[in-house]
Colleague: 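Sharing a structure here in structure tokens format.
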Amino acid sequence: MKINRTTSSHDPSGRKLFYVHIIMFLLAFIIIISRRPDAILNPQFWAEDGTVFYAQAYNNGILNSLLSPYAGYLHAVPRLTATFSMLFSLKSAPLVFNLIAIIIQILPVTFLISSRFSKLIPNINYRIAISFLYLVLPGCYEVNANITNAQWRIALLIFMAIIAKSSHVLVNLFDLIIILIGGLTGPFSILIVPAIIFLIFATKISNKKLNDLFYLKFLVLICTALTQIIVINTNQIGQERMSKVGSNFLSFNDVRKILEILTNQVFSMSIFGTNVTNYFINVLPDLLYIILNITILVLGIIVSVYLLLKSPLELRSFIIFAALIPFTAIALQFPNITLFEPIGVGARYWFNLVLAFSLGTIWIFHKAYSQKNRIGKMFALTILATMSIGIVTDWQHPAFTDFKFAQYADRFMELPNGHEMIIPTNPEPWSIKLIKH
């Protein structure tokens with residue numbers, strides 16, 4: 001999101017910039033923990049964190065599990081996290097997983113306030129404001145403080161690493177590592193490629209230039225995408241998923257359902273959050289709900305089209321990538337699209353698109369403000385003010401069910417070698433099977 005340089009303020013440098021990073025890291029950590037304190041105070045595994053990644057690393061050995069596909073593709077970050085957690089006791093492993101997930105969650109903030117984005121968004125105050133929006137975004141329960149769903153935040157990091165601009169060798173090397181490891185975590189590198197291709201062609205049409213390092217980053221991204229494609233096409237689960245694509249035709253009812261899902265999971269979620277959106281669905285009279293949904297859908301589409309036509313190329317590219325995630329998921333699950341209807345369930349698929357829509361609203365407000373457009377400013381300001389409803393009502397995430405993991409871990413350590421234990425984990429009825437050795 002490029003901001004006019006005339007409104008920019010110089011980035012702090014040296015020690016001041018270091019202090020800004022430390023303060024923002026601590027504030028981000030506090031915000032994340034405040035939304036679900038049990039992530040640190042009573043750490044437990046979530047879904048595949050324990051059932052797949054930790055259990056396979058422990059039972060099958062680190063080397064055997066490290067390159068094992070799951071759900072049809074590679075998961076480098078969860079596998080590496082599980083490998084690292086082997087250095088600690090079983091009781092401490094969930095805390096290790098959660099802390100790494102939280103650090104990953106904070107990394108986009110670190111990226112944004114660093115000099116990488118000083119050319120795209122020169123005013124550091126704007127970058128700090130965007131960072132706080134990212135941290136308090138409603139509807140992100142599924143992607144908060146767990147490794148399994150950290151891949152959606154890693155996808156954001158990959159995109160940021162590609163468009164970032166820095167003259168520092170170590171910074172660029174770190175960004176390349178992010179792209180490499182992140183690209184081998186989930187299928188998102190495949191979906192980022194078309195968005196970056198759009199950015200390349202749109203930049204050339206605009207007679208702008210991309211530096212050579214950008215193309216090196218893109219090359220690494222392509223390599224990871226090709227690797228994931230090969231894994232998907234040589235893996236039974238991946239083949240089964242891909243075989244569903246294009247096997248059914250869209251009906252009018254399917255289009256209606258997809259538009260309703262888009263309205264609730266993106267536009268309404270961005271503004272009102274999970275709880276208020278659920279209230280609209282479950283409490284409002286049918287006619288009032290339909291009128292409200294159509295109004296939100298029309299306004300949301302108008303804003304989205306305007307952003308795709310007028311916003312900075314980097315933001316347009318991010319919107320394209322963010323939209324590809326949920327609609328690819330819908331295509332792979334089609335015709336079972338009712339899986340995406342419950343609000344908050346599967347919200348991870350919409351996370352980046354909710355973020356993109358929210359960023360777009362901020363950009364519209366800034367543009368209207370800088371051009372002294374009262375109508376545009378009031379429209380964007382109304383949406384931003386209404387977003388506070390979702391932020392407040394969605395702030396506190398439900399604590400995980402307490403399955404007394406620490407007690408199970410103590411009992412497991414007392415087992416003789418060769419004996420197994422089944423440990424219940426979140427979400428119910430998931431469980432972890434470990435064989436003592």
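Everything quoted here is computed from the prediction, not taken from an experiment. All residue numbers refer to positions in the sequence shown, counting from 1.
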Colleague: Is the shortest heavy-atom distance from the side chain of Leu74 to the side chain of Thr185 under 4.5 Å?
Modeller: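 When only atoms from C-beta onward are counted, Thr185 and Leu74 do not touch, as no gap falls below 4.5 Å.
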
Colleague: Could you give me the CA-CA distance, side-chain angles and deciding distance for Leu156 and Tyr134, then say whether side chain to side chain contact (heavy atoms under 4.5 Å, CB included) is met?
Modeller: CA-CA 11 Å; Leu156 170 63; Tyr134 159 80; 3.7 Å; yes

Colleague: Mind checking whether Leu191 and Phe321 have side chains closer than 4.5 Å, heavy atoms only?
Modeller: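 Result yes, sub-4.5 Å side-chain heavy-atom pair found.
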
Colleague: Look at the side chain of Arg153 and the backbone N and O of Ile104, then say whether any donor-acceptor pair between them is shorter than 3.5 Å.
Modeller: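 Here the side-chain-to-backbone pair does not exist.
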
Colleague: Is any side-chain heavy atom of Leu210 closer than 4.5 Å to one of Tyr215?
Modeller: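 They are in side-chain contact.
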
Colleague: Of Val220, Leu216, Leu221, which meets side-chain contact (heavy atoms from CB on, under 4.5 Å) against Phe218?
Modeller: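 Testing each of Val220, Leu216, Leu221 against Phe218, the sole residue satisfying side-chain contact (heavy atoms from CB on, under 4.5 Å) is Leu221.
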
Colleague: I need the minimum non-hydrogen distance between Pro312 and Trp363, along with the two atoms involved.
Modeller: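 Closest approach of Pro312 to Trp363, heavy atoms only: CD-NE1, 3.3 Å.
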
Colleague: Start with the C-alpha distance between Lys433 and Glu420, add both sets of side-chain angles, then the distance that settles salt bridge (Lys or Arg N to Asp or Glu O under 4.0 Å), and finish with yes or no.
Modeller: CA-CA 7 Å; Lys433 179 182 177 180; Glu420 70 176 46; 3.5 Å; yes

Colleague: How many angstroms lie between atom CD1 of Ile178 and atom CD1 of Ile162, to the nearest 0.5 angstrom?
Modeller: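 Going from CD1 on Ile178 over to CD1 on Ile162, the span is 11.5 Å.
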
Colleague: Quick one: does Asn235's side chain have a donor or acceptor within less than 3.5 Å of a partner on Val231's backbone?
Modeller: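 No; judged by distance alone, with no hydrogens or angles, the pair does not exist.
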
Colleague: Quick check against the 3.5 Å criterion: does Arg35 have a side-chain atom that pairs as donor or acceptor with the backbone of Trp395?
Modeller: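 Flag set: sc Arg35 to bb Trp395 pair under 3.5 Å.
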
Colleague: Once rounded to the nearest 0.5 Å, what's the spacing between atom OH of Tyr54 and atom CG of Asp49?
Modeller: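 Nearest 0.5 Å value for the OH-CG distance: 12.5 Å.
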
Colleague: Do you know the tightest heavy-atom contact between Met413 and Lys436?
Modeller: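 The pair with the smallest heavy-atom distance is O-NZ, 3.0 Å.
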
Colleague: Would you say Phe88 has more than 12 foreign heavy atoms packed within less than 6.0 Å of its CZ?
Modeller: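 More than 12 heavy atoms, drawn from other residues, nucleotides or ligands, come within 6.0 Å of this atom.
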
Colleague: Looking only at non-hydrogen atoms, find the nearest pair between Thr401 and Gln44 and report the distance.
Modeller: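 Shortest heavy-atom separation between Thr401 and Gln44 comes out as O-NE2, 3.0 Å.
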
Colleague: For a 4.5 angstrom cut-off between non-hydrogen side-chain atoms, does Thr328 reach Phe188?
Modeller: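 No; the side chains remain at least 4.5 Å from each other.
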
Colleague: Can you tell me if Glu341 uses its side chain to pair, donor with acceptor, with the backbone of Ile261 under 3.5 Å?
Modeller: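 Answer holds: no.
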
Colleague: Within a reach of under 6.0 Å around CG of Leu41, are more than 12 heavy atoms found that belong to other residues, nucleotides or ligands?
Modeller: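 More than 12 heavy atoms, drawn from other residues, nucleotides or ligands, come within 6.0 Å of this atom.
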
Colleague: Taking C-beta and beyond as the side chain, do Arg116 and Ile163 meet within less than 4.5 Å on heavy atoms?
Modeller: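 No. Closest side-chain heavy atoms not under 4.5 Å.
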
Colleague: Ignoring hydrogens and geometry, is there a side-chain-to-backbone donor-acceptor pair from Gln151 to Thr148 under 3.5 Å?
Modeller: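 Yes, the answer is positive, given that a donor and an acceptor are paired below the 3.5 Å cut-off.
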
Colleague: Inspect the surroundings of OH in Tyr279 and state if more than 12 heavy atoms from other residues, nucleotides or ligands are less than 6.0 Å away.
Modeller: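 Count not over threshold, so no.
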
Colleague: Do Ser166 side-chain atoms and His168 backbone N/O form a donor-acceptor pair below 3.5 Å?
Modeller: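 Looks like yes, one N/O pair under 3.5 Å.
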
Colleague: Could you measure the distance from the CG atom of Leu297 to the CG atom of Asn293? Nearest 0.5 Å is fine.
Modeller: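 These two atoms lie 7.5 Å from each other.
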
Colleague: Hey, what's the ring geometry for Phe318 with Phe159, parallel, tilted or perpendicular (30° and 60° as the breaks)?
Modeller: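 Tilted, since the angle between the ring planes falls between 30° and 60°.
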
Colleague: Can you tell me if Thr274 and Asp394 form a side-chain donor-acceptor pair at under 3.5 Å?
Modeller: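 Yes, because at least one side-chain N or O of Thr274 sits under 3.5 Å from a partner of the opposite role on Asp394.
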
Colleague: If every non-hydrogen atom of Asn172 is compared with every non-hydrogen atom of Lys217, which pair is closest and at what distance?
Modeller: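 The answer is OD1-NZ, 4.2 Å.
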
Colleague: What is the distance from atom SG of Cys140 to atom CD of Gln105, rounded to the nearest 0.5 Å?
Modeller: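 Rounded to the nearest 0.5 Å, the SG-CD separation comes to 7.0 Å.
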
Colleague: Any donor and acceptor pair, going by atom type alone, linking the side chain of Glu142 with main-chain N or O of Gly346 inside 3.5 Å?
Modeller: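 Side chain of Glu142 to backbone of Gly346: a pair is present.
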
Colleague: Where do Phe132 and Met24 land on the side chain to side chain contact (heavy atoms under 4.5 Å, CB included) test, with the steps shown first?
Modeller: CA-CA 9 Å; Phe132 280 115; Met24 286 299 297; 4.1 Å; yes

Colleague: Under the side chain to side chain contact (heavy atoms under 4.5 Å, CB included) criterion, do Phe272 and Thr393 qualify, and how do the steps go?
Modeller: CA-CA 8 Å; Phe272 301 109; Thr393 57; over 6 Å; no

Colleague: Evaluate the criterion side chain to side chain contact (heavy atoms under 4.5 Å, CB included) for residue pair Thr277 and Ile271; output intermediate values, then yes/no.
Modeller: CA-CA 9 Å; Thr277 302; Ile271 300 170; over 6 Å; no

Colleague: Do we get Arg316 above Phe198's six-membered ring, with its NZ or CZ under 6.0 Å from the centre and within 45° of the axis?
Modeller: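 Verdict for Phe198: no cation-pi partner in Arg316.
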
Colleague: Is there a donor in the side chain of Ser65 and an acceptor in the side chain of Asn60, or the other way round, less than 3.5 Å apart?
Modeller: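 No - no donor-acceptor pair under 3.5 Å links their side chains.
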
Colleague: Return the CG to CZ distance between Leu90 and Phe405, rounded to the nearest 0.5 Å.
Modeller: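 With rounding to 0.5 Å, CG (Leu90) is 4.0 Å from CZ (Phe405).
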
Colleague: Measure the spacing between CD1 of Ile130 and OG of Ser358 and express it to the nearest 0.5 Å.
Modeller: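 So the CD1 of Ile130 and the OG of Ser358 are separated by 11.0 Å.
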
Colleague: Tyr141 and Arg348: side-chain donor and acceptor closer than 3.5 Å?
Modeller: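 Absent: no donor and acceptor within the cut-off.
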
Colleague: Relative to Phe53, does Arg79 satisfy both conditions: NZ or CZ under 6.0 angstrom from the six-membered ring centre, and within 45 degrees of the ring's axis?
Modeller: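 The answer is no; the distance or angle limit is not met.
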
Colleague: Counting only heavy atoms from other residues, nucleotides and ligands, does the tally under 6.0 Å from CG of Leu63 exceed 12?
Modeller: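 Counting neighbours around CG of Leu63, 12 or fewer heavy atoms of other residues, nucleotides or ligands fall under 6.0 Å, so no.
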
Colleague: Quick check: closest heavy atoms across Leu315 and Ala356, and the distance to 0.1 Å?
Modeller: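 Smallest interatomic distance, heavy atoms only, reads CD1-O, 4.4 Å.
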
Colleague: Examine Phe412 together with Tyr58 and report whether their ring centres are nearer than 6.0 Å.
Modeller: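 Close enough - the centres of the two rings lie under 6.0 Å apart.
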
Colleague: Whether Arg127 engages the ring of Phe117 as a cation-pi pair (distance to the six-membered ring centre under 6.0 angstrom, angle to the ring normal within 45°) should be assessed.
Modeller: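 Output no; distance or angle outside limits.
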
Colleague: Side-chain contact, heavy-atom cut-off 4.5 Å: Thr224 with Ile181?
Modeller: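 Thr224 does not reach Ile181 side chain to side chain.
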
Colleague: Determine whether Leu180 and Leu176 make a side-chain contact, defined as any pair of heavy atoms from C-beta on separated by less than 4.5 Å.
Modeller: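 Answer no - side chains too far apart.
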
Colleague: Do side-chain atoms of Ser431 reach the backbone of Pro424 as a donor and acceptor pair under 3.5 angstrom?
Modeller: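 No, Ser431 side chain to Pro424 backbone: no donor-acceptor pair under 3.5 Å.
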
Colleague: Does the separation of the ring centres of Tyr349 and Trp152 fall below 6.0 angstrom?
Modeller: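 When the ring centroids of Tyr349 and Trp152 are compared, they turn out to be within the sub-6.0 Å range.
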
Colleague: Does some side-chain heavy atom of Ile200 sit less than 4.5 Å from a side-chain heavy atom of Phe214?
Modeller: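 The answer is yes; the side chains approach within 4.5 Å.
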
Colleague: Does a side chain donor of either Ser268 or Thr263 reach within less than 3.5 Å of an acceptor in the other side chain?
Modeller: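 Side-chain D/A pair, Ser268 to Thr263: absent.
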
Colleague: Could you tell me whether a side-chain N or O of Thr51 sits under 3.5 Å from a main-chain N or O of Glu48, the two making a donor and an acceptor?
Modeller: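 No; judged by distance alone, with no hydrogens or angles, the pair does not exist.
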
Colleague: Would a distance-only check, ignoring hydrogens and angles, find a side-chain to backbone donor-acceptor pair under 3.5 Å from Thr425 to Phe45?
Modeller: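 The answer is yes, because a donor-acceptor pair under 3.5 Å joins these two groups.
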
Colleague: Is there a donor-acceptor contact under 3.5 Å linking the side chains of Ser89 and Ser92?
Modeller: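 Checked: Ser89/Ser92 side chains pair up, N/O donor to acceptor below 3.5 Å.
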
Colleague: Can you see which heavy atom on Leu95 is nearest to which on Ala39, and at what distance?
Modeller: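 Looking at all heavy atoms of both residues, the shortest contact is CD1-O, 4.4 Å.
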
Colleague: Determine whether the aromatic ring centres of Tyr73 and His75 lie less than 6.0 Å apart.
Modeller: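 For Tyr73 and His75, the ring centres are under 6.0 Å apart.
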
